[in-house]
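Notes to accompany the following structure.
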Amino acid sequence: MIAPIKRTLADLRAQTAIWRKADETIGVVPTMGALHQGHLSLARAARERCDRVIVTIFVNPKQFNNPDDLDSYPRTEEDDARKLESIGVDLIYVPDPEQIYPDGFATNVSVEGLTDMLCGAARPGHFDGVATVVSKLFLQTSADFAFFGEKDYQQLQVVRRLAADLDIPIEVVGCPTIREEDGLAMSSRNLLLSDRSRIKAPVLAEVMEDMRAQLRDGDGMSDIAEDAKTRILAAGFNDIDYLELRDGRDLSLLDQTVPDARLFAAAWLAGVRLIDNIAV
Ligand code: AMP
């Protein structure tokens, strides 16, 4: 059965109040829709862990720093609802925009430090948008658990920080990145790639895998980053926002690998921005 879709906070709360009264745990999976196996893996993790599962679909204008990116973002609500059917999600929350940003909305949630680098530096205002909407979705759903993908690793760390800092009683669960067979990290934005670009896209993950091997052999980023960037650009990518080794806990910049080191990349392919990260 397709889960009921609720579009207002009042309707959402009418349902969650019943669940809370019955002492049922609630898991939430925040998404922007155009669901793929990556999103579905989060919904499955929630299904295993929680009595009730809410998937939210909201293309959040506040986290887009580029109006064209917002306009072109894929919207596939009916398909999304159908994909969630087999998982047994209890409710799909697709808030009308005024349920998130009512007239006069004036509050901004801004996480400092963690957002200075990587996508925070490349996309000014992006993480304020994420932090604000995620805070609202946590409070609106009153969920006990929230499931986020490591695909957006910086976002996962930002969300963990804001939940702790604002005393929101929710456990943030990180889930591994799901990839296509050729290694490309699944992303709603992959739908925007032409057939030709889609063939080139896996090179980003391939180069990162090779860098991981080199880093494990003791090379530093200063030895290998230039060659890696050259390979990515030679494959047809137009620009690289970043290709960096960072500590997975505080995202501080590294040259050599350490136990929690992760490699982070963001690069542009024919107008589509792809991001990826892997543990080294
Ligand atoms: P989005 O709809 O892109 O905002 O993503 C919603 C959630 O799905 C976020 O927690 C993402 O990190 C997660 N997600 C997106 N792509 C993947 C993937 N390939 N594997 C695992 N999680 C993902």
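Remember, it's 1-based here, ligands and their atoms both numbered in the order they're listed.
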For S135, check side-chain hydrogen bond (donor to acceptor under 3.5 Å, both in side chains) against everything at least two apart and list the hits. none

Any side-chain to backbone donor/acceptor pair from D80 onto R75? Under 3.5 Å, distance only. no

Per-atom filter on ligand 1: closer than 4.0 angstrom to a heavy atom of Y73 are 3 (O)

Identify which of A45, C175, P176, P74 has a heavy atom lying nearest to atom 21 (C) of ligand 1. P176

Sequence-distant partners of Y153, ring-ring contact (aromatic ring centres under 6.0 Å, His included), two or more places apart: F264

Given H36, H39, M32, identify the one with the heavy atom nearest to atom 16 (N) of ligand 1. H36

From K151, R179, E180 - option closest to atom 23 (C) of ligand 1 by heavy atom: K151

Atom indices of ligand 1 within 4.0 angstrom of P30 heavy atoms, with elements: 6 (C), 7 (C)

Would you say Y153 contacts ligand 1, with heavy atoms under 4.0 Å as the rule? no

OG1-CG distance between T257 and D247, expressed to the nearest 0.5 angstrom: 9.5 Å

Which option wins on minimum heavy-atom distance to atom 22 (N) of ligand 1: A34, G149, A43? G149

Identity and distance of the protein heavy atom lying nearest atom 20 (N) of ligand 1: I178 N, 2.9 Å

Run through N65, T115, N108 and flag the one making a side chain to side chain donor-acceptor pair (under 3.5 Å) with D128. N108

Donor-acceptor pair, D69 side chain versus N66 backbone, under 3.5 Å? no

Taking atom OG of S197 and atom CG of N238, what is their separation to the nearest 0.5 Å? 8.0 Å

Near D152 (heavy-atom distance under 4.0 Å), the atoms of ligand 1 are 11 (C), 12 (O), 15 (C)

Tell me, which protein residue and heavy-atom name are nearest atom 9 (C) of ligand 1, and how many Å apart are they? Q155 NE2, 3.8 Å

Quick note on ligand 1: atoms under 4.0 Å from a heavy atom of L42 include exactly 7 (C), 8 (O), 10 (O), 13 (C)

Need the ligand 1 atom indices (1-based, order shown) with element for anything under 4.0 Å from a heavy-atom of M186. 16 (N), 17 (C), 18 (C), 19 (N)

Side-chain (E244) to main-chain (A265) donor-acceptor, under 3.5 angstrom: no

